[in-house]
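Single-structure report; data block below.
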Amino acid sequence: MVRRRKFCKFCAERIDYIDYKDVRILSQFVPERARVLPRRISGVCASHQRMLALAIKRARHLALLPHVAE
Amino acid sequence: MSLRKYEVVFVLTPTLTEDEVDQAVQSFKKSAEEKGARILNVDQWGKRRLAFPVKKHNEGIYVTMTLEAGSGDAVLELERRFKVTDNVIRFLSVRTDLDLKRADKFKARREVRKKKRAISPPRRQEPISEEMEIEKE
């Protein structure tokens, strides 16, 4: 099976700032267990992963995203 | 001194009526303005399900306020008021001007790159000229 090369979704979409209020985007990166999806799986680049992690943490504080799975 | 931009989000208890929410928002707005901030935008999202219960509530009324100020005094005052107001169950204030500036920088850099590509597209001509030089020798 040929593995497709992963690419950073945020770079491709030209997103310069990841908004913590945008639950739709953030929830793609918090799978079932509610942990932040690691880069090695999502393919997000380092700088965007940092931004993403911060956004997710902010969203969690506002109870927009869960800290742990139910 | 350039003005700073802040984004303040707070979550109110779901038991409030619409009038009470408006009243609370107005009073927060006023106290921020008294501290010298300019309110740019107030966005009421309305009721939303919380991802987990907060102070025994399963829902919350979200309000986002964007404001501009020369210093953090207004935000400090708002945070102090959020803490003493029982109707506020969560709040978060973020300074956004630096992030926005960074985003603008990236955007500008992309534009420059795009233009460069448009002006000098191919480098294909170089090898040809090299060949010509060789011929001269």
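Each chain gets a letter, A, B and so on, in the order its sequence line appears, and its residues count up from 1.
Of the residues considered (A:Arg60, A:Arg14, A:His67), A:Arg14 shows the highest number of contacts with chain B, using heavy-atom pairs under 4.5 Å. For chain B, the option among A:Ile15, A:Leu62, A:Val23, A:Leu65 with the highest count of heavy-atom pairs below 4.5 Å is A:Leu62. Top candidate by heavy-atom pairs under 4.5 Å with chain A, chosen from B:Val94, B:Asp104, B:Ile89, is B:Val94.
Proximity to chain A (any heavy atom under 4.5 Å) is restricted, for B:Phe91, to the backbone atoms N, CA, C and O. Using a 4.5 Å cut-off between heavy atoms, B:Val54 contacts chain A through its side chain alone, with no backbone atom that close.
The closest donor-acceptor contact from the side chain of B:Lys47 to the backbone of B:Pro14 lies under 3.5 Å.
Atom-to-atom distance recorded for B:Asp99:CG and B:Lys5:NZ is 12.5 Å, nearest 0.5 angstrom.
Note: the hydrophobic cluster containing B:Trp45 also contains B:Val11 (ILVMFWY, side chain heavy atoms under 4.5 Å, direct or indirect links).
Between B:Phe82 and B:Phe28, the ring planes are perpendicular. Angles over 60° get that label, and only those under 30° would be called parallel.
Between B:Arg80 and B:Glu77 a salt bridge is recorded (basic side-chain N to carboxylate O distance below 4.0 Å).
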